[in-house]
Protein chains: 2
Amino acid sequence: MAISVRDVAREAGVSVGTVSNVLNRPAMVSPSTVTRVTEVIERLGFVRNDAARQLRAGRSRSFGLVVLDARNPFFMDVTHGAQQRALDNGYSVLMGASDDSVSNEGRLLDLFEEQRVAGLLISPVRTDLSRLWRIREAGTPVVLVDRGSGDQSFSSVSVNDVEGGRIAAQHLIDASRRRIGFVGGPMEIEQVRHRLEGAQSVVAAVPGASLEIFGTKALSVFEGRAAGERIAALPAARRPEAIFAANDLLAMGVLQALVMSGKVRVPEDIALVGYDDIAFAESAVVPITSVRQPAVEIGRTAVDVLLREAEAGPDAVREQFVFTPKLVQRASTGAGLPARP
Amino acid sequence: MAISVRDVAREAGVSVGTVSNVLNRPAMVSPSTVTRVTEVIERLGFVRNDAARQLRAGRSRSFGLVVLDARNPFFMDVTHGAQQRALDNGYSVLMGASDDSVSNEGRLLDLFEEQRVAGLLISPVRTDLSRLWRIREAGTPVVLVDRGSGDQSFSSVSVNDVEGGRIAAQHLIDASRRRIGFVGGPMEIEQVRHRLEGAQSVVAAVPGASLEIFGTKALSVFEGRAAGERIAALPAARRPEAIFAANDLLAMGVLQALVMSGKVRVPEDIALVGYDDIAFAESAVVPITSVRQPAVEIGRTAVDVLLREAEAGPDAVREQFVFTPKLVQRASTGAGLPARP
DNA sequence: CCATTGAATTGAAACGATTCATAATCTGGT
DNA sequence: ACCAGATTATGAATCGTTTCAATTCAATGG
């Protein structure tokens with residue numbers, strides 16, 4: 001049905017090998033032949049069959065990307081950066097969301113293994129990386145995204161979440177808040193733990209400061225709203241003076257609940273810091289101060305690392321990229337507060 | 001290197017054909033053989049090579065999806081719906097964003113053609129569909145998403161954008177606004193044209209009503225903000241009494257600019273209607289009234305149509321699904337306004 | 001006990017691009 | 001005219017799976 005190299009070869013009066021060479025190493029073919037074959041390819045509308053090419057090559061020209069939540073703007077940006085960079089290098093990206101479920105993650109990995117992806121970018125759901133070890137041993141480079149492997153046994157591109165938590169908490173302390181609330185969860189998520197940890201380390205070092213945890217079941221606007229309602233319902237004296245939310249979706253939910261309650265002013269009564277600096281943090285009811293992660297850059301860098309590792313083969317040096325997040329100050333923590341030096 | 005059916009066959013003492021049968025039609029193989037082969041597959045860690053499978057089958061088990069902007073929440077939802085429905089039918093989705101660029105779109109189509117995708121879902125950048133014709137003639141079903149083909153030569157799943165524009169404008173007229181501004185562009189985008197057209201048809205029918213166009217270079221918050229600044233800078237008497245933005249991102253930008261200018265109150269001085277009803281429209285400074293498109297449903301339906309068309313072969317009947325959008329009223333057009341019957 | 005049927009299994013052909021050892025052709029130097 | 005060396009071109013083998021006509025085997029009925 002479809003046109004194959006054989007058809008092109010016949011029509012151009014050359015061998016299939018030559019057609020393949022025109023496609024892949026034109027320098028090896030005489031200019032006149034290149035023109036002739038190219039013309040025939042154009043005329044017949046020949047399109048390479050990637051499956052055959054892959055079969056011969058042993059691996060595909062696409063990467064697998066497994067994110068925790070495809071609809072989270074942070075991962076959207078990571079995906080965007082990765083897709084961009086991959087496309088520039090002639091690769092495509094197979095994207096899938098694990099939605100925090102181990103079985104979804106497993107199914108995606110099955111799929112990607114069958115496709116013989118040239119590399120794997122993943123934000124793993126769990127800390128057990130044994131499956132990833134096996135995949136790498138089978139020859140597929142693996143790069144962890146937004147998640148350092150404690151033991152550096154995998155290359156990774158991540159953001160220093162502990163430092164991010166520290167930056168957020170310090171900002172609130174600098175704004176003279178002492179009783180701080182942390183909204184986030186579930187604690188199974190490493191990023192949540194790390195951000196909390198950073199905040200705790202700051203609070204612990206300041207006499208008179210305290211940190212209260214308001215747990216959530218997911219990192220969503222909905223869960224944030226629920227937490228915000230819980231906080232608004234507290235007697236005024238028991239409410240925290242500031243809240244650090246584990247991501248911006250939560251922060252937006254918290255903000256909505258606080259504002260709608262009518263009992264709490266932001267930032268006067270409660271200052272609020274989010275995390276991720278998604279595009280919409282800026283356009284919330286009160287623009288939200290947030291800790292920005294260079295999401296697009298993370299996606300791009302992850303692909304770069306993957307390309308290098310694929311190039312270098314199984315004994316590649318592991319690279320640990322750690323970006324440092326930075327505070328983007330907005331109205332939710334008041335204007336004119338001194339920025340931390 | 002990797003384990004193949006041949007290895008499994010040798011180890012289990014059967015032929016390769018039998019291994020393949022165990023994998024694809026276990027009913028044809030005796031139970032005892034199934035168990036034995038399955039056990040060997042497990043033990044050797046055999047993983048099917050999808051490239052070989054595809055090569056034999058002639059086409060892949062994935063669909064290509066080309067959206068205009070992967071970061072736009074509307075398309076995220078479409079993608080989500082498509083992925084869901086595809087997975088339910090044993091297909092995966094290759095997603096790519098054209099970012100409104102003809103060359104990006106071309107590269108993605110090249111890639112998808114080489115992958116021999118089983119079908120193509122696309123929101124085309126331009127109105128020239130000749131390339132899509134060729135693809136379909138080569139045997140790949142094509143479904144246009146969020147974009148009707150005027151001549152019905154392609155199946156499509158879209159929303160009636162003209163009607164959407166009408167609904168938005170009528171809502172503003174009902175709120176006693178007469179001088180209406182339209183923020184949107186570039187006009188090359190069909191959706192923008194249609195929404196404008198709908199609004200114009202309503203305005204034209206109301207004596208004393210007028211529509212002024214504020215062009216933008218893209219459908220982004222940034223461009224919306226720029227347009228909003230232009231509007232805020234106008235002398236009060238020359239400002240429109242209401243604004244219809246071609247999508248919610250623009251509307252959010254406009255809103256930010258108006259509010260930050262300090263000169264304009266929303267909705268008192270200027271009422272605002274957006275389009276798409278993205279999740280964040282609700283959590284803007286002033287919750288934004290918007291025209292909602294059933295995005296997830298669109299993605300699902302598009303896959304359904306694609307499946308039917310793939311089933312029916314080249315002479316399939318073209319289906320034109322047109323959803324009607326509906327107004328979601330919020331504070332940006334004032335509370336308690338009468339909803340249109 | 002043979003013939004017939006049906007189930008289970010086999011093994012070679014096919015899919016289409018790439019590779020690589022080999023062959024053909026061309027250069028220019030003597 | 002001849003040859004060495006460089007440049008081009010060839011085509012069979014290969015990748016791993018699926019398919020399908022052919023074969024084997026066992027069971028059933030006459």
Side-chain angles (χ1 to χ4, degrees), chain A residues 1-38 40-41 44-62 90 110-111 113-118 138-139, chain B residues 1-38 40-41 44-62 90 110-111 113-118 138-139:
Chain A
M1 180 99 271
I3 313 293
S4 77
V5 275
R6 214 170 305 276
D7 302 314
V8 175
R10 183 168 9 80
E11 188 76 10
V14 297
S15 72
V16 291
T18 299
V19 176
S20 177
N21 282 333
V22 168
L23 254 24
N24 303 299
R25 36 243 273 217
M28 273 201 175
V29 183
S30 81
S32 72
T33 309
V34 171
T35 345
R36 187 155 36 99
V37 172
T38 309
V40 172
I41 286 176
L44 300 188
F46 165 76
V47 177
R48 258 210 204 66
N49 184 324
D50 200 56
R53 202 231 271 257
Q54 277 179 41
L55 174 57
R56 187 68 240 259
R59 58 194 194 80
S60 81
R61 306 268 308 157
S62 42
D110 288 345
L111 208 59
E113 279 200 278
E114 289 192 3
Q115 310 253 7
R116 299 289 191 274
V117 290
Chain B
M1 183 96 272
I3 313 294
S4 76
V5 274
R6 214 171 303 276
D7 301 313
V8 174
R10 182 166 9 81
E11 188 75 10
V14 296
S15 73
V16 293
T18 299
V19 176
S20 177
N21 282 334
V22 169
L23 254 24
N24 303 301
R25 39 244 269 215
M28 273 200 174
V29 183
S30 80
S32 72
T33 308
V34 170
T35 345
R36 188 155 36 98
V37 172
T38 309
V40 172
I41 286 176
L44 299 188
F46 165 77
V47 177
R48 257 214 207 62
N49 184 326
D50 200 56
R53 200 228 268 257
Q54 276 181 41
L55 173 58
R56 186 68 240 253
R59 52 177 53 276
S60 79
R61 293 191 351 281
S62 41
D110 288 345
L111 214 56
E113 279 200 277
E114 291 191 1
Q115 311 254 8
R116 297 290 190 275
V117 290

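Note that this is a predicted model, so its numbers are computed, not measured.
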At less than 3.5 Å, do the side-chain atoms of B:R56 and the base atoms of D:dT18 form a donor-acceptor pair?
yes
Within residues 7-24 of chain B, which residues have any heavy atom lying less than 4.0 Å from an atom of DNA chain D?
B:G17, B:S20, B:N24
When you check the side-chain N and O atoms of B:T35 and B:T38, is any donor under 3.5 Å from an acceptor?
no
From CZ of B:R116 across to P of D:dT17 the rounded distance in Å is 21 Å
Does a side-chain N or O from A:R6 land closer than 4.0 Å to OP1 or OP2 of D:dG11, or not?
no
How many Å lie between CZ on A:R61 and C1' on C:dA17, as a whole number?
14 Å
Starting from C1' on C:dC15, measure out to CD1 on A:I3 and report it in whole angstrom.
15 Å
Distance check, rounded to the nearest 0.5 Å: B:R53 atom CZ versus B:R48 atom CZ?
4.0 Å
Which nucleotide in C:dT9, C:dG16, C:dT18 has an atom nearest any side-chain atom of A:L55:
C:dG16
Determine whether A:V5 and A:F46 make a side-chain contact, defined as any pair of heavy atoms from C-beta on separated by less than 4.5 Å.
yes
5' priority, DNA chain C, between A:R25 and B:R36 [closest heavy atom]:
B:R36
In whole angstrom, what separates A:L44's CG from C:dA17's C1'?
16 Å
Checking side chain to side chain contact (heavy atoms under 4.5 Å, CB included) against A:Q54, which of B:Q54, B:Q115, B:E114 comes through?
B:Q115
Is A:T33 near enough to D:dT8 that one of its side-chain N or O atoms lies under 4.0 angstrom from OP1 or OP2?
no
Pick base, sugar-phosphate or nothing for B:V5, based on heavy-atom distances below 4.0 Å to the nucleic acid.
base
Could you give the CG-to-P distance, from A:N49 to C:dA14, as a whole number of Å?
18 Å
Separation of D:dT17 atom P from A:Q54 atom CD, nearest Å, is 13 Å
Point-to-point distance, once rounded to the nearest 0.5 Å, from CZ of A:R10 to OG of A:S15:
13.5 Å
CG (B:N21) and OG1 (B:T33) are apart, to the nearest 0.5 Å, by 10.5 Å
Between B:R116 and B:E113 (side chain of the first, backbone of the second, donor and acceptor by atom type, cut-off under 3.5 Å), is there such a pair?
yes
Separation of B:M28 atom CE from C:dA7 atom P, in whole Å?
10 Å
Can you tell me if B:R53 touches the phosphate of C:dC15, counting only side-chain N or O atoms and a distance under 4.0 Å to OP1 or OP2?
no
Nearest to the side chain of A:S30, which nucleotide is it out of C:dT9, D:dT17, D:dT8?
D:dT8
Below 4.0 Å: OP1/OP2 of D:dT18 and any side-chain N or O of B:R48
yes
